[in-house]
Protein chains: 2
Amino acid sequence: MVSTRWLDADERAAWLALAALATRLPATLDAQLQREHGLSLFEYLVLAVLSEQDTRSLQMSELAALTSSSLSRLSHTATRLERQGLLARARCAGRGRRTVATLTDQGWTVVVAAAPDHVAAVRAHLIDLLAPDDLAALRRIGDTVVTHLDEVGSAQSSTDGCSDAR
Amino acid sequence: MVSTRWLDADERAAWLALAALATRLPATLDAQLQREHGLSLFEYLVLAVLSEQDTRSLQMSELAALTSSSLSRLSHTATRLERQGLLARARCAGRGRRTVATLTDQGWTVVVAAAPDHVAAVRAHLIDLLAPDDLAALRRIGDTVVTHLDEVGSAQSSTDGCSDAR
DNA sequence: GCCTTTCAATTGAACTGTCAACAAATCTCC
DNA sequence: GGAGATTTGTTGACAGTTCAATTGAAAGGC
């Protein structure tokens with residue numbers, strides 16, 4: 001390590017702004033979902049992602065990737081959601097340990113009930129505060145960083161198949 | 001609630017990009033600090049903020065505000081950091097329950113050792129990936145949202161004083 | 001056909017964060 | 001001047017997350 005390139009005032013401000021944003025916005029949305037629908041933000045996200053699939057199902061590892069979570073975190077959460085009857089898991093016969101998680105009817109009902117409030121909150125606390133340019137910039141920034149982290153983190157192979165085929 | 005204004009494709013993409021960013025970047029920085037210096041990102045942040053004060057001290061509630069954390073979270077973390085000898089707390093005589101947290105010499109040593117690696121990681125995974133315009137946008141976005149959340153959350157009064165005066 | 005490796009997912013223990021209750025000092029105001 | 005309100009912090013119980021170890025199924029290799 002050569003002599004450190006410290007952050008200048010603008011860089012510092014940008015990083016601190018992101019750090020605060022990344023802490024406070026999720027906390028706010030989480031509190032709101034918890035209060036109004038008894039779901040954590042992450043639980044909601046899991047159900048929402050499933051609800052967008054036309055089979056309402058996804059393999060655990062795919063679901064983990066789409067929700068930016070570890071498989072372990074997802075597995076524990078799936079156990080809880082399953083216990084509440086919002087989601088069901090089933091082994092994918094003939095495919096190693098692959099498991100698909102499926103939204104139950106009850107789970108569907110819960111997401112559908114929560115979605116409008118959640119979207120309204122995302123609008124109120126983020127989208128509607130930003131100029132179109134900044135919205136575009138936010139997307140660019142997020143995509144750039146996440147793509148970079150994917151590359152750095154390691155190269156992954158993508159497999160596919162099993163259930164899905166309606 | 002009238003009929004929901006759903007997010008259009010751009011809005012959705014921006015929100016998802018932020019959600020992924022807010023999950024993955026802190027996780028990456030956290031893992032790095034943990035691995036190389038045995039600190040969580042939040043612990044580092046606490047020590048770093050203290051190290052920037054010329055007295056190396058701050059009142060607990062000020063420290064909580066600067067690190068976007070709850071007082072409770074900070075208190076638990078302070079207990080752990082105190083146990084490790086990196087930080088010391090002392091009641092502020094004559095000022096209610098006010099307490100100041102101070103970085104110890106050992107704490108200073110630890111932050112100073114961790115800072116270059118941490119800054120390098122912030123550069124590598126965020127700052128150096130972004131165009132100057134996007135850096136400015138990120139700052140604007142974060143400030144806008146956090147200011148908004150402060151206003152919505154409640155109006156706060158700012159007090160000051162006690163120790164500080166080296 | 002076994003033995004090893006790899007992939008996918010789960011589990012349990014340890015740790016961290018949250019929420020609600022409590023504690024301590026000071027304010028306030030009749 | 002004292003009862004209650006306010007501010008500031010801590011605590012304990014509980015829920016959620018992470019990390020390392022483990023299981024289960026398949027794929028390779030020889």
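Reminder, nothing fancy here: chain letters follow the sequence lines and each chain counts from 1. These figures come from a predicted structure and were not determined experimentally. In what follows, every heavy atom counts, from backbone to side chain, and hydrogens, waters and symmetry copies are set aside.
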After noting the C-alpha distance and the side-chain angles of B:S61 and B:R98, does the key distance pass the side chain to side chain donor-acceptor pair (under 3.5 Å) rule?
-> CA-CA 8 Å; B:S61 50; B:R98 286 182 201 182; over 6 Å; no
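Identified under the salt bridge (charged side-chain N to carboxylate O under 4.0 Å, His left out) test for residues 16-35 of chain A, with sequence neighbours left out: A:R24-B:D150. Residue pairs meeting the salt bridge (charged side-chain N to carboxylate O under 4.0 Å, His left out) criterion with at least one member in residues 6-18 of chain A, sequence neighbours excluded: A:D10-B:R139, A:E11-B:R123, A:R12-B:E52. Among pairs with a residue in residues 57-107 of chain A, none fulfils ring-ring contact (aromatic ring centres under 6.0 Å, His included), at least two apart in sequence or across chains. Sequence neighbours left out, the pairs with a member in residues 87-139 of chain B that pass ring-ring contact (aromatic ring centres under 6.0 Å, His included) are A:H148-B:H125, B:Y44-B:H118. Among residue pairs with one or both ends in residues 39-49 of chain B, none qualify as salt bridge (charged side-chain N to carboxylate O under 4.0 Å, His left out); sequence neighbours excluded.
Here the P atom of nucleotide D:dT7 and the CE atom of B:M60 are 19 Å apart, to the nearest Å. The distance from atom CD of A:E62 to atom C1' of C:dA9 is 14 Å, rounded to the nearest whole Å. B:Q84 has its CD atom 12 Å from the P atom of C:dC15, to the nearest Å. Whole-Å rounding puts the A:R98 CZ to C:dA9 C1' distance at 12 Å.
Residues satisfying the salt bridge (Lys or Arg N to Asp or Glu O under 4.0 Å) test with B:R140, not counting sequence neighbours, are A:D134. Partners of B:E36 according to the salt bridge (Lys or Arg N to Asp or Glu O under 4.0 Å) rule, which considers only residues two or more places apart in sequence or in another chain, do not exist here. Judged as a salt bridge (Lys or Arg N to Asp or Glu O under 4.0 Å), and not counting sequence neighbours, A:R91 has no contacts. In this structure, A:R80 has no salt bridge (Lys or Arg N to Asp or Glu O under 4.0 Å) partners at least two apart in sequence or on a different chain.
For the residue pair B:T104/B:Q106, the side-chain donor-acceptor check at 3.5 Å is not satisfied.
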For nucleotides 23-27 of chain C, which of its nitrogen or oxygen atoms have a protein nitrogen or oxygen under 3.5 Å away, and what is each distance?
from, atom 1, to, atom 2, distance (Å)
C:dA23, N3, B:R97, NH1, 2.6
C:dA24, O4', B:R97, NE, 3.3
C:dA25, O3', B:G96, N, 3.4

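Contacts between residues 71-82 of chain B and DNA chain C, defined by a heavy-atom separation below 4.0 Å, involve B:S72, B:R73, B:H76, B:T77, B:R80, listed by number. Near DNA chain C, meaning a heavy atom under 4.0 Å from it, residues 26-39 of chain A has no residue at all.
The nearest heavy atom of DNA chain C to A:S61 and to B:F42 marks one nucleotide each, and the one closer to the 5' end goes with A:S61.
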